[in-house]
Q: 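Dropping a structure here in structure tokens format, bear with me for questions.
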Amino acid sequence: MKYLFNLTFILLAALVLLFIVIPLISIFSGVGWTGLSEAFNDSEIILSVWLTMKVSFYGTCLVLLTGLPLAYLIARNDFRGKAIIESIIDIPVMLPHTAAGIALLMAFNRGLMERFFSKLGIQFIDTEAGIMIAMMFLSSPFLINGAKEGFKNVDPKLENVARTLGAGRFSVFFRVALPNARKDIINGMLMMWSRGLGEFGAVVIIAYHPMIAPVLIYDRFNSYGLSYSAPVAAVMIAVSLTTFLLVRGLNNRKRA
Amino acid sequence: MLSLRNIGLQKGSFTLKKISFDVKEHEYFVILGKTGSGKTLLLETIAGLHKHTGQVSYRRRDITAIPPEKRRVGFVYQDFALFPHLSVVKNIRFSERYRPQTSKVQWDELIDFLDLGDLLQRDIHYLSGGEKQRVALARAIYSRPDILLLDEPLSAIDPSFRNIIMERLKELKQRFQITAIHVTHNFHEAAYLADHIGVMMNGELVQQGSVQNVLHHPASVSIARFLGFRNILPGRLIEPKDNAHYFTVNPALIQISGHALENDYSIRGICRNSNEGLNHHEVMVDADGCVVFVHVPKRNYDPGLIHSGAAVHLSFPPSAVTFYQTSEELDEISV
């Protein structure tokens with residue numbers, strides 16, 4: 001009985017793991033070493049991958065600035081409408097990405113918002129700013145929810161003690177709450193950033209150019225077929241996987 | 001002097017109901033109460049961490065609206081609440097940025113007083129309960145508070161270390177000129193440390209006064225029960241003054257004899273049972289259907305007089321007795 005249980009569960013678990021791993025292996029084996037090194041020397045690919053990582057990082061930083069206060073307020077307070085606010089944060093996760101792109105386009109490229117941003121010299125159609133709002137809109141829940149959990153796990157008594165020791169609210173946030181929620185916040189940033197790297201549906205509607213990696217993959221696949229798009233995909237996967245594992249490893253090594 | 005007037009507050013399942021008391025300068029005030037009676041909430045309120053009704057004043061100044069960081073109170077939680085991301089020494093020195101620095105001499109005195117020399121560079125995750133509590137105390141004292149708030153500071157500590165911390169707490173007020181408010185459910189702590197005691201039940205301060213007064217003469221039957229009084233007896237047994245409904249009597253002050261003693265209250269009863277304790281025998285005597293507990297010192301224990309079924313007289317002086325008129329508590333008393 002015990003063996004039957006273990007066997008069934010391990011078998012089923014292995015199946016889903018293989019399902020995740022096999023496509024990754026296939027893309028690298030399909031592209032091969034030569035293909036991969038050629039791709040790494042293809043400036044269009046490298047620029048596109050760099051653009052993707054850079055813009056997603058900027059978006060993550062912007063959401064960090066506004067999302068941390070939001071996450072902290074939700075974690076520390078009970079107020080009327082809190083459930084509604086928490087649902088609003090989760091909305092982007094369930095939207096079709098193309099629909100989100102259309103919504104962003106209608107919000108930022110018309111009327112008051114459009115006039116406001118163009119006064120600041122910011123345009124969204126086919127610009128990095130457009131790519132960034134698309135990435136931010138769809139992946140911000142990962143950062144906000146991660147930070148919220150992080151803050152919830154910080155014992156409010158620590159903050160109470162800090163206040164009696166003379167620390168004001170800002171000081172308590174920066175010296176007690178933030179360092180103790182650091183691990184969850186960094187994980188949330190990482191999740192948001194990685195999620196942003198893969199954004200396609202919304203980006204393609206707002207900014208086909210400059211091409212981020214997912215758009216470049218799609219573009220090459222449509223115009224030239226699999227053999228041209230696979231190396232881009234391989235480079236993108238290699239770079240983002242390395243960054244992801246590196247940051248997560250560093251973050252988990254130190255005790256939060 | 002710290003004065004609380006009509007402090008009221010509702011937070012989750014806890015309430016504080018119009019709490020008023022005064023704590024004099026450099027006094028050690030212990031609030032006794034069961035878990036869930038609102039003791040922690042009261043301390044946090046004194047620290048300024050909750051909005052409340054009523055008024056808190058210190059040295060005749062109304063501090064009700066003053067935020068915690070400006071109140072000069074030190075807080076020590078039951079579970080220590082040490083900052084997990086900081087070392088021992090950084091925990092203790094946390095307040096340095098906001099409060100005038102303590103001199104080297106005072107620092108050394110503090111470290112010496114709480115015997116922290118060997119712990120300073122340690123990671124707080126590897127400290128024992130007693131060590132953590134000493135660090136938490138040091139951190140609070142280092143911020144040079146006027147008032148130290150101690151929330152069950154001894155209950156999460158091994159008994160062997162508890163006495164050391166108790167002694168340190170006892171020395172606190174002279175050494176650092178601190179006024180202390182300590183909440184606990186432990187009568188021994190209260191008796192050992194307190195100058196004054198308050199008893200808290202269901203969010204209400206039901207009695208306050210000197211240690212002697214509160215621990216020996218509880219103001220109501222329910223307080224007597226909370227304080228662990230064994231002999232809560234109906235008044236009819238001794239025909240007391242004012243027709244009091246109940247009285248309590250200290251088991252150690254009851255004398256068992258074959259005949260009634262003069263000038264004392266006296267009850268007749270039948271010996272039922274006897275348990276041998278460390279220093280005394282606990283004898284249970286049936287008096288008109290009520291069980292009276294008597295502590296007989298071992299040297300006075302006479303098996304000829306005290307045995308199951310023996311008819312005895314229980315005598316005790318009026319000073320050992322407290323009377324209660326409280327008829328509203330009739331229902332919940334079972335004697």
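Because the structure is predicted, anything quoted here is derived from the model rather than measured. Lettering follows sequence order; numbering is per chain, from 1.
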Q: Using modelled atom types only, decide if a donor and an acceptor are shared between the side chain of B/Arg144 and the backbone of B/Arg99 within a distance under 3.5 Å.
A: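 Not at all, since once roles are kept as given, no pair shorter than 3.5 Å links the two residues.
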Q: Where does B/Tyr77 contact chain A at under 4.5 Å (heavy atoms): side chain, backbone, both or neither?
A: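 For B/Tyr77, the contact with chain A is made by the side chain alone.
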Q: Which pair of heavy atoms, one from B/Leu148 and one from B/Ala140, lies closest together, and at what distance?
A: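 Closest approach of B/Leu148 to B/Ala140, heavy atoms only: CD1-CB, 3.6 Å.
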Q: If we define contacts as heavy-atom pairs under 4.5 Å, which of B/Asp79, B/Leu149, B/Val76, B/Leu86 has the most with chain A?
A: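 Looking at each of B/Asp79, B/Leu149, B/Val76, B/Leu86 in turn, B/Asp79 comes out on top.
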Q: On the 0 to 90° scale, with breaks at 30° and 60°, tag the A/Phe174-A/Phe170 ring pair as parallel, tilted or perpendicular.
A: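 It falls in the parallel class, under 30°.
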Q: Quick one: which of B/Arg72, B/Glu69, B/Arg139 has the most heavy-atom pairs under 4.5 Å with chain A, could you say?
A: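 Ranked by heavy-atom pairs under 4.5 Å with chain A, first place is B/Glu69.
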Q: Name the region of B/Ala136, side chain, backbone, both or neither, that has any atom closer than 4.5 Å to a heavy atom of chain A.
A: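 Nothing of B/Ala136, per the 4.5 Å heavy-atom cut-off to chain A.
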Q: Angle class for the A/Phe117/A/Phe124 ring planes (parallel below 30°, perpendicular above 60°, tilted otherwise)?
A: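 A/Phe117 and A/Phe124: perpendicular rings.
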Q: Heavy-atom pairs under 4.5 Å with chain B - which of A/Ala162, A/Ala167, A/Ser171 has more of them than the others?
A: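 Among A/Ala162, A/Ala167, A/Ser171, the one with the most close pairs to chain B is A/Ala167.
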Q: Measure B/Leu82 against the heavy atoms of chain A and call it side chain, backbone, both or neither at under 4.5 Å.
A: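 Contact with chain A is through the backbone of B/Leu82 alone.
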Q: Check the angle between the aromatic planes of B/Phe21 and B/Phe29 and answer parallel, tilted or perpendicular using the 30° and 60° thresholds.
A: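 The rings of B/Phe21 and B/Phe29 lie parallel, inter-plane angle below 30°.
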Q: Given a strict heavy-atom distance threshold of 4.5 Å, which part of A/Asp155 is in contact with chain B: side chain, backbone, both, or neither?
A: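 A/Asp155 touches chain B through side-chain heavy atoms alone.
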Q: Could you look at B/Arg97 and say if it's the side chain, the backbone, both or neither that has a heavy atom under 4.5 Å from chain A?
A: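 It is the side chain, since no backbone atom gets that close.
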Q: Can you say whether the rings of B/Trp107 and B/Tyr142 are parallel (under 30°), tilted (30 to 60°) or perpendicular (over 60°)?
A: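 The rings of B/Trp107 and B/Tyr142 stand perpendicular, inter-plane angle above 60°.
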